[in-house]
Every structure is written in C-alpha cells, then in structure tokens.
**Q** 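Here it is, the structure, as structure tokens.
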Amino acid sequence: MKATGIVRRIDDLGRVVIPKEIRRTMRIREGDPLEIYTSKEGEVIFKKYSLMGGVDEFAAQICETLNKTTGLTVAVTDRDSVVAAAGSARRDLIGKRISTELEQIMEDRAIYRAQGSERSVYVTDTLDRCCAAIAAPIISEGDALGLVLFVENEGENHVGETEYKLAQTIASFLGRHMES
C-alpha cells in the first residue's frame, strides 16, 4: 500500500471525501461502486467494485475459445482494466488499465472497428503495440460494464465480418449474463 500524505476527517454523518487527485488517478467517478475492506491492523481499504470481476474465469474461457477459433488475441475488460485474455499478448494485457480511448468507446456504447487509415486505438496507455481491432461494449441494464476486444499489433488487419459479429454476440451474451 502506498501512503499519499493526505488526511481527511469524517463528518458527523460518517462521510469522508476522497480527494480529487486520487479520484482522477484511480478513475473513480460519481456513482461508482466501492468495496470496503478492513484489516486486523485497523486499516480501512476502498477498492473499486467491478461486476465483471465476478466472471473473470468465465470470461477467460470465452477468450480461450475465441482465440482457438480465430487465432487472434482476444480480451475482456471491465470499466478499468483487462480481466481476461487469450493469445500471444495475454501476459502483456491481463490486469493492465485500459486506455482512455477504450473508455470513451465503452461510454459511446457503439462497436468500434479499426479502419485502415485512422489512428490506432491502443488497448493500454503503457503498451504501444497492442491495438483494438474490434471493441464491443458489454451493456447490462443500460450500464456499460466492459468490452470484448479483438487485439492486433499496430498496422495489422486480420479481422473481418466474422470477428465483428463474434465480438458483438459475446458482448451481448455477457451483458445478458450479468443481468441474471
């Protein structure tokens, strides 16, 4: 755990304000759910809650199946990071925070498909070789929960209509699965 040096008091209703700098760094927005943990040493820990975190093994199986079927790297994200992946870039992607461009695609709630001449959309801000060829938002009860991604190296274009439909179908399936 990293100390920030920031101290806040609890008000008379039991509330504490998370500083803007921390909310921005951790990408915590108004209305985001937080899990609360306590330790034996008296620590209170807030962790961003992810509905997709509960289906990471299921998502990993889907990624493995899609990877074997298409031969492409496939990933599933929650709102912040890659929760499952299969393919050549698997180790580089799992657990990494998604790029701001992918966050925007998720918020726009429309399937993204890379076009030849446009600027690449990187999966993460730190890994500049993995680009989203297709990104399908996972929508559940009107909320964007994550993305289904087909990932390629920059400049490659091996995805077609089949992968587009697969991403759309899996994203829809995961969205419905989260509703039940």
**Q** Mind checking the CG-CD1 spacing from Asn67 to Ile62? Nearest 0.5 Å is all I need.
**A**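 Asn67 atom CG to Ile62 atom CD1 measures 13.5 Å (nearest 0.5 Å).
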**Q** Are any non-hydrogen side-chain atoms of Glu103 and Arg97 less than 4.5 angstrom apart?
**A**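 A side-chain contact is absent here, since even the closest heavy-atom pair is not under 4.5 Å.
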**Q** Look at the side-chain heavy atoms of Ile, Leu, Val, Met, Phe, Trp and Tyr, link any pair under 4.5 Å apart, and say whether Leu72 and Tyr122 land in one connected group.
**A**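 Hydrophobic grouping puts Leu72 apart from Tyr122.
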**Q** Which pair of heavy atoms, one from Ala135 and one from Leu149, lies closest together, and at what distance?
**A**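 Reported closest heavy-atom pair: CB-CD2, 3.4 Å.
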**Q** Could you point out which residue of Leu145, Val148, Ile139, Thr169 forms a side-chain contact (heavy atoms from CB on, under 4.5 Å) with Leu174?
**A**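 Testing Leu174 for a side-chain contact (heavy atoms from CB on, under 4.5 Å) against Leu145, Val148, Ile139, Thr169 leaves exactly one candidate, Val148.
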**Q** Is a side-chain N or O of Asp78 found less than 3.5 angstrom from the main chain of Asp80, in a donor-acceptor match?
**A**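 Yes, because the side chain of Asp78 sits within donor-acceptor range (under 3.5 Å) of the backbone of Asp80.
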**Q** Would you say Tyr112 and Leu147 are hydrophobically clustered, going by side-chain heavy atoms of ILVMFWY under 4.5 Å?
**A**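 They do share one cluster, since a chain of ILVMFWY contacts under 4.5 Å joins Tyr112 to Leu147.
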**Q** Check the surroundings of atom CZ in Arg9: do more than 12 heavy atoms from other residues, nucleotides or ligands lie under 6.0 Å from it?
**A**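 Check fails, neighbour count at 12 or below.
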**Q** Which pair of non-hydrogen atoms, one from Ala84 and one from Ala60, has the smallest distance, and what is that distance?
**A**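 It is CB-N, 3.5 Å.
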**Q** Any idea which heavy atoms bring Arg79 and Ala144 closest together, and the distance?
**A**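 Shortest heavy-atom contact: NH1-O, 2.8 Å.
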**Q** Applying side-chain contact (heavy atoms from CB on, under 4.5 Å), run through Phe46 and Ile36 and close with a yes or a no.
**A** CA-CA 5 Å; Phe46 290 95; Ile36 303 170; 3.7 Å; yes
**Q** Are Val17 and Ile22 linked, directly or through intermediate hydrophobic residues, by side-chain heavy-atom contacts shorter than 4.5 Å (ILVMFWY only)?
**A**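 No, separate clusters.
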**Q** Applying the 4.5 Å side-chain criterion to the ILVMFWY set and letting contacts propagate, would Ile111 and Val74 be lumped into a single cluster?
**A**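 Yes, because Ile111 and Val74 connect within a single hydrophobic cluster, where side-chain heavy atoms sit under 4.5 Å apart.
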**Q** If Ile, Leu, Val, Met, Phe, Trp and Tyr residues are connected whenever their side-chain heavy atoms lie under 4.5 Å apart, and connections chain through other members, are Ile6 and Ile18 in the same group?
**A**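 As far as the 4.5 Å side-chain criterion goes, Ile18 and Ile6 are connected within one cluster.
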**Q** Find out whether Thr124 and Cys130 are in side-chain contact, i.e. whether some heavy atom of one side chain is under 4.5 Å from a heavy atom of the other.
**A**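 Of all side-chain heavy-atom pairs linking Cys130 with Thr124, none is under 4.5 Å.
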**Q** List the atom of Glu21, the atom of Thr25, and the distance in Å for their closest heavy-atom pair.
**A**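 Reported closest heavy-atom pair: O-OG1, 2.7 Å.
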**Q** Just verifying a value: how many Å separate Phe150 CZ and Cys63 SG, rounded to the nearest 0.5 Å?
**A**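 Here the interatomic distance stands at 9.0 Å.
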**Q** Could you tell me the separation between the CD atom of Gln104 and the OG1 atom of Thr100, rounded to the nearest 0.5 Å?
**A**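 Atom-to-atom, Gln104:CD and Thr100:OG1 are 8.5 Å apart.
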**Q** Could you tell me which residues satisfy ring pair (Phe, Tyr, Trp, His ring centres under 6.0 Å) with Phe58, sequence neighbours excluded, listed by chain and number?
**A**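 So Phe58 forms a ring pair (Phe, Tyr, Trp, His ring centres under 6.0 Å) with Phe173, His177.
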**Q** Which one of Val123, Ile98, Leu93 satisfies the side-chain contact (heavy atoms from CB on, under 4.5 Å) criterion with Thr77?
**A**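 Only one of Val123, Ile98, Leu93 forms a side-chain contact (heavy atoms from CB on, under 4.5 Å) with Thr77, namely Ile98.
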**Q** Once rounded to the nearest 0.5 Å, what's the spacing between atom OG of Ser88 and atom CZ of Arg129?
**A**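 The distance works out to 6.5 Å.
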**Q** To the nearest 0.5 Å, what is the distance between CD1 (Ile105) and OG (Ser99)?
**A**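 One finds 7.0 Å between CD1 of Ile105 and OG of Ser99.
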**Q** Does a side-chain N-to-carboxylate-O contact under 4.0 Å join Glu161 and Arg113?
**A**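 A salt bridge links Glu161 with Arg113.
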**Q** Do Glu101 and Asp125 have side chains that approach each other closer than 4.5 Å (heavy atoms only, starting at C-beta)?
**A**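 Yes, their side chains come closer than 4.5 Å.
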**Q** Could you tell me which non-hydrogen atom of Ala171 sits nearest to which non-hydrogen atom of Ile138, and how far apart they are?
**A**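 Of all heavy-atom pairs spanning Ala171 and Ile138, the closest is O-CG2, 3.8 Å.
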**Q** Does Ser172 reach the main-chain N or O of Gln168 with its side chain, forming a donor-acceptor pair under 3.5 Å?
**A**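 Such a contact is absent between Ser172 side chain and Gln168 backbone.
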**Q** Under 3.5 Å, side chain of Asp11 to main-chain N/O of Leu13, donor-acceptor pair present?
**A**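 At least one qualifying donor-acceptor pair exists.
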**Q** Indicate the atoms forming the closest heavy-atom contact of Arg90 with Ala85, along with that distance.
**A**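 Heavy atoms only, the tightest pair is CG-O, 3.3 Å.
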**Q** Out of curiosity, Arg15 CZ to Ile10 CD1, how far, rounded to the nearest 0.5 Å?
**A**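 These two atoms lie 12.0 Å from each other.
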**Q** Looking only at atom types and distance, does a side-chain atom of Arg109 sit under 3.5 Å from a main-chain N or O of Glu107, one as donor and one as acceptor?
**A**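 Indeed, once roles are kept as given, a pair shorter than 3.5 Å links the two residues.
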